[in-house]
Amino acid sequence: MRTRFAPSPTGSLHIGGLRTALFNWLFARHYGGTFILRIEDTDQKRFDPTALETLMEALRWAGLHWDEGPEVGGSYGPYVQSERLHLYQQWAKWLVEQDKAYTCYCSPERLQQVNREKEARKEPPGYDRHCRNLTAAQRAAYEAQGIKPVIRFKMPLDGQTVVQDAIRGESVFDNATQQDAVLLKSDGFPTYHLAVVVDDHFMQISHVMRAIEWFPSFPLHAQLWQAFGWDMPVYAHLPVILNPNGKGKISKRNPPKDKYGNIIPVMVHDYMQAGYLPEAMTNFLANIGWNFGDEREVFTMDEAIERFDLSRVNRASSAFPTEKLDWLNGEHIRRLTPDDLARRLKPVLENAGFEVDDELLRKVVPLVQIRLKTLNEIVDLAGFFFRETFVAAPPEELVQDKMDAAMTCRALDRAADVLAGLDDLSHEAQEAAMRGLADELGLKPKQLFGALRVAITGQRVATPLFETIAIVGKDVALERIRNAAQSLVVQS
RNA sequence: GGCCCCAUCGUCUAGCGGUCUAGGAUGUCACCCUUUCAAGGUGAAGACACGGGUUCGAGUCCCGUUGGGGCUACCA
């Protein structure tokens with residue numbers, strides 16, 4: 001089994017592209033086959049020199065390592081189409097010699113004109129096959145004018161093309177509705193149609209899994225395989241991912257928005273930067289259009305590899321279920337070992353401008369693990385641990401429900417005294433002491449603990465109180481509590 | 001417009017003729033737990049687009065309608 005992912009390097013990798021890559025990779029891994037990365041850079045107008053590196057970075061991040069392709073090589077290379085031009089030119093020429101393709105000298109202007117006229121007559125647009133039956137003399141005349149021709153395929157004029165898709169079954173197309181597609185452009189570069197068939201053949205691809213956008217050109221490709229006389233691989237057209245509201249396929253040109261109006265990113269790099277785990281991302285993508293087989297939705301890629309096959313791929317396209325990604329990311333964060341989570345959290349904190357002490361981070365991780373949905377959330381939740389100088393909350397934040405500044409001030413003072421007298425900072429010891437104090441002050445634990453949390457962390461939502469105190473240490477905690485109490489005195 | 005693809009809770013999905021008074025997940029809501037936020041527990045609301053067939057029997061097969069999507073380049 002040999003599968004390939006064949007993106008064109010025009011920017012960062014699109015989330016839908018990653019899903020296509022994932023399915024190809026999963027399929028190859030399941031059958032112990034080969035996963036190939038091929039770069040389709042045949043559009044000179046959209047060439048972006050940085051795109052290839054970005055694209056490979058996204059694939060590597062997701063763990064989709066390729067067995068053949070750029071950087072790793074392989075015996076069917078080169079794996080970059082712009083380095084295979086002679087092949088396409090050779091086989092395009094062969095088709096012309098076999099009378100299965102022809103040179104076309106029509107200018108873009110004439111093509112436009114033809115379409116305008118067709119539109120006026122309410123006919124479907126398309127090339128009028130003007131050059132399909134040129135005589136040798138006519139061709140020579142065009143050549144003499146120095147016109148660089150394109151090569152077009154001679155699509156059968158009548159009859160039908162029957163195609164087989166592994167997840168959709170049989171489809172029939174009337175050849176009369178098909179076009180004489182351009183195979184080789186006037187700049188000598190192939191179009192997708194030529195390149196994909198030639199490469200899939202010479203790279204001995206056994207299964208072509210691609211997005212369903214390609215389905216309309218399936219009959220063309222089937223005819224091309226036949227014209228070359230090569231054995232066709234198995235084709236499987238994957239459903240597309242639609243916008244979260246189900247309207248239109250997800251794209252960066254029309255950025256989708258969630259129900260709150262926030263833009264939902266579509267590029268893999270956006271998700272990398274937003275603090276999503278690659279294992280959550282691949283798990284998430286595997287659940288769109290494919291089903292694990294039992295009722296499990298949280299699984300590892302090893303588990304997915306074990307079960308992956310085309311029979312459980314959905315035919316219908318699906319909306320992008322963003323809420324599930326957040327949930328899955330939380331699930332995978334919770335499944336990480338604390339050391340692993342610490343390793344991944346460190347760069348996030350550093351990017352936020354903190355200097356990270358590994359020992360401190362190791363202690364903080366257990367406090368945040370069940371609370372994070374994305375890695376980035378640690379900055380707001382527990383960034384205070386790593387700040388050089390403490391940023392106190394505004395005094396009014398200290399005052400809890402049904403309390404006033406004076407009560408809060410007194411409570412904090414007393415709490416400082418209690419804490420000062422504690423040698424044991426275990427959760428149990430602290431809790432017993434502070435509950436006793438709350439009782440004595442006629443406060444609910446919630447009120448006292450809330451005030452203390454704001455005093456010590458500077459925020460209302462933070463890590464659990466006693467564990468946090470144990471980590472920052474008694475001296476620091478006492479100082480913050482007393483300063484907080486002081487701020488309330490100044491205020492009143 | 002033309003050609004093609006698709007159709008189960010808001011969303012992702014299970015279902016491959018009887019076990020479906022349609023299962024799971026997410027999201028939403030309620031309650032419990034509770035020092036915040038989470039996590040966890042319990043529960044609730046929530047779907048076979050419609051119309052014809054075929055069949056003893058249809059969410060499951062066929063046809064049509066409707067709806068959605070894709071394509072319609074010397075882009076991929």
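Excluded from the calculations below are hydrogen atoms, water molecules and symmetry mates; all remaining heavy atoms, backbone and side chain alike, are included. Each chain gets a letter, A, B and so on, in the order the sequences are listed, and its residues count up from 1.
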- Item | Audit row: A:E297, A:K324, salt bridge (charged side-chain N to carboxylate O under 4.0 Å, His left out) steps and yes/no | CA-CA 10 Å; A:E297 288 190 11; A:K324 277 204 156 182; 2.8 Å; yes
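- Under the 6.0 Å distance and 45° angle rule, A:R387 does not count as a cation-pi partner of A:F390.
- Of the candidates B:G69, B:A39, B:A73, B:G69 carries the atom nearest the A:V240 side chain, counting heavy atoms from C-beta on.
- Rounded to whole Å, atom P of B:C74 lies 19 Å from atom CG of A:L85.
- With respect to the salt-bridge test (charged N to carboxylate O, under 4.0 angstrom), the residues A:R315 and A:D165 do not qualify.
- Listed pair A:N314 / B:A14 meets the phosphate criterion, a side-chain N or O lying under 4.0 Å from OP1 or OP2.
- Toward the 5' end of RNA chain B, the nearer of the two residues A:K247 and A:Q178, judged by each one's closest nucleotide, is A:Q178.
- Not one side-chain nitrogen or oxygen of A:S217 sits closer than 4.0 Å to the OP1 or OP2 atom of B:C71.
- The phosphate of B:G2 (OP1 or OP2) has no side-chain N or O of A:K118 nearer than 4.0 angstrom.
- A sub-4.0 Å separation between OP1 or OP2 of B:U13 and a side-chain N or O of A:R315 is absent.
- The side chain of A:K45 places an N or O atom within less than 4.0 Å of a non-bridging phosphate oxygen (OP1 or OP2) of B:C75.
- Look at A:T42 and you'll find a side-chain N or O under 4.0 angstrom from OP1 or OP2 of B:A76.
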